[in-house]
Amino acid sequence: MYKQELTFIVKSIIASDTVNEHVKWAEQLSVFYKKTTTIKNSETNETLIKGGVALSSSGAADCVDDYLRTVFFIKGVYQALTKLCLDFPERSINILYAGCGPYATLILPLLPLFGKERIKAVLVDINAESIASVHNLLTVIGLEEYDLQLIEANAITYTKPTDFVIDLAITETMHYALTREPQVAITKNILSQLTSDAILIPEEIRIDLAYTFFAYEPYLKNTKEVKGRNDMQPYTDNVFVDRLFTINKEHFDSYNSGSKFESCFYKLPADFSNHPDVCIFTALRIFGDIELKTAESYITNPFCVVSLYNLSAYSEIQLVYDFSEIPQWSYNVKESAY
Ligand SMILES: C[S@@+](CC[C@H](N)C(=O)[O-])C[C@H]1O[C@@H](n2cnc3c(N)ncnc32)[C@H](O)[C@@H]1O
């Protein structure tokens with residue numbers, strides 16, 4: 001019975017094409033998970049590791065309520081799996097899902113849409129309670145015949161079995177502006193284990209620098225106010241400065257041999273009354289043309305690094321992103337050389 005209900009919800013998610021429908025069906029998925037799972041409501045099982053904070057299982061469960069994130073990722077994973085099934089009709093598709101959380105939200109609802117002989121998946125989470133929850137869900141929903149390995153491990157250092165050639169790798173372990181959570185460290189580890197024709201989801205993360213008025217930029221504060229990109233007014237005097245970096249299969253290693261990104265120095269504007277904040281903007285291309293844009297989700301909210309009022313004695317700024325411990329942004333400033 002649960003399997004049928006989940007199948008109906010996930011088909012509705014895939015078919016939905018307005019923000020109202022996305023929200024409605026993501027809410028239904030959230031209700032479904034709440035009635036089929038028990039997760040202790042505590043922040044105490046957050047794990048701090050080199051590379052970022054792993055959310056507690058209740059914190060990770062709450063991610064399902066980041067509605068457009070959930071819907072766009074499920075649509076993206078569905079499209080990627082459909083493509084792989086067409087490309088390789090004679091064999092099963094190997095999936096690595098790093099940071100699955102207690103609901104395995106980005107793969108578990110899709111299982112009933114693919115035959116059990118088509119999917120082989122390794123699901124990794126550092127949190128024992130989350131792994132136990134996924135085990136339990138598979139039984140409760142009636143999906144235990146699928147070939148899934150559930151592994152409690154650190155996805156930043158995890159090594160896949162040698163005979164498991166990954167076709168599709170999925171990880172959504174991110175906070176806005178790639179702060180706090182270990183998306184970058186996990187992606188770096190996964191990429192080192194992918195063949196050139198494997199698919200990575202999200203396919204691309206774009207990190208941009210802009211001078212703007214942070215308080216006037218669209219910002220998702222709570223899920224009741226969720227809006228699609230067409231219903232948000234971007235701040236008109238936002239000054240795009242540069243794309244700081246892009247994380248995808250092709251570009252990651254070229255600028256990132258260690259765990260730090262340092263931009264060049266950018267000229268600070270002399271008159272900044274209309275754009276007094278130095279901000280980082282995040283956008284995702286999940287798969288194909290499925291994108292998650294500024295403030296459509298918590299993970300693509302803008303982030304303010306510093307106000308230009310605090311920098312008025314300087315004329316150039318360099319942005320530094322460091323994910324060796326808890327990922328964070330900092331900056332260096334200097335006087336222009338005349
Ligand atoms: C933002 S939640 C997302 C959960 C789920 N994938 C979803 O999309 O709803 C991130 C999950 O990644 C897990 N995680 C974070 N860092 C990890 C690490 N280094 N190794 C394994 N799991 C990790 C957390 O425990 C959490 O369950």
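Order of listing sets the numbers, starting from 1, for every ligand and every atom in it. For reference, positions follow the sequence shown, starting with 1.
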- Message: Please list, in number order, the atoms of ligand 1 under 4.0 Å from a heavy atom of Thr105.
- Response: 9 (O)

- Task: With heavy atoms only and a cut-off of under 4.0 Å, state how Met174 meets ligand 1: side chain, backbone, both or neither.
- Result: neither

- Item | Arg285 side-chain N/O to Gly288 backbone N/O, donor-acceptor pair under 3.5 Å | yes

- Any idea how Trp329 and Tyr321 line up, ring-wise: parallel (<30°), tilted (30 to 60°), or perpendicular (>60°)? tilted

- Task: Could you see which bit of Tyr97 sits under 4.0 Å from ligand 1, with heavy atoms only: side chain, backbone, both or neither?
- Result: side chain

- Query: CD of Gln4: more than 12 outside heavy atoms within 6.0 angstrom?
  - Reply: no

- Note on the structure: Quick look: Ala155 vs ligand 1, heavy-atom contacts under 4.0 Å, and the answer is both

- Query: So, the side chain of Asn222 versus the backbone of Lys224: is there a donor-acceptor pair under 3.5 Å, distance only?
  - Reply: yes

- Task: Measure centre to centre between the rings of Tyr216 and Tyr235, then say whether the value is under 6.0 Å.
- Result: yes

- Indicate yes or no: does an N/O atom of Ile126 lie under 3.5 Å from an N/O atom of ligand 1? yes

- Query: Does any N or O in the side chain of Arg91 come within less than 3.5 Å of the main-chain N or O of Cys85, such that one atom is a donor and the other an acceptor?
  - Reply: no

- Item | ligand 1 contact on Thr47 by region, counting heavy-atom pairs under 4.0 Å | neither

- Query: Can you tell which part of Ala54 has a heavy atom less than 4.0 Å from ligand 1: side chain, backbone, both or neither?
  - Reply: both

- Query: Salt bridge check: are Glu144 and Lys116 linked by an N-O gap of less than 4.0 Å?
  - Reply: no

- Counting each atom of ligand 1 from 1 as listed, which ones have a heavy atom of Leu106 under 4.0 Å away? 8 (O)

- Message: Nearest non-hydrogen contact with atom 25 (O) of ligand 1 belongs to which option: Asp125, Asn127, Ile299?
- Response: Asp125

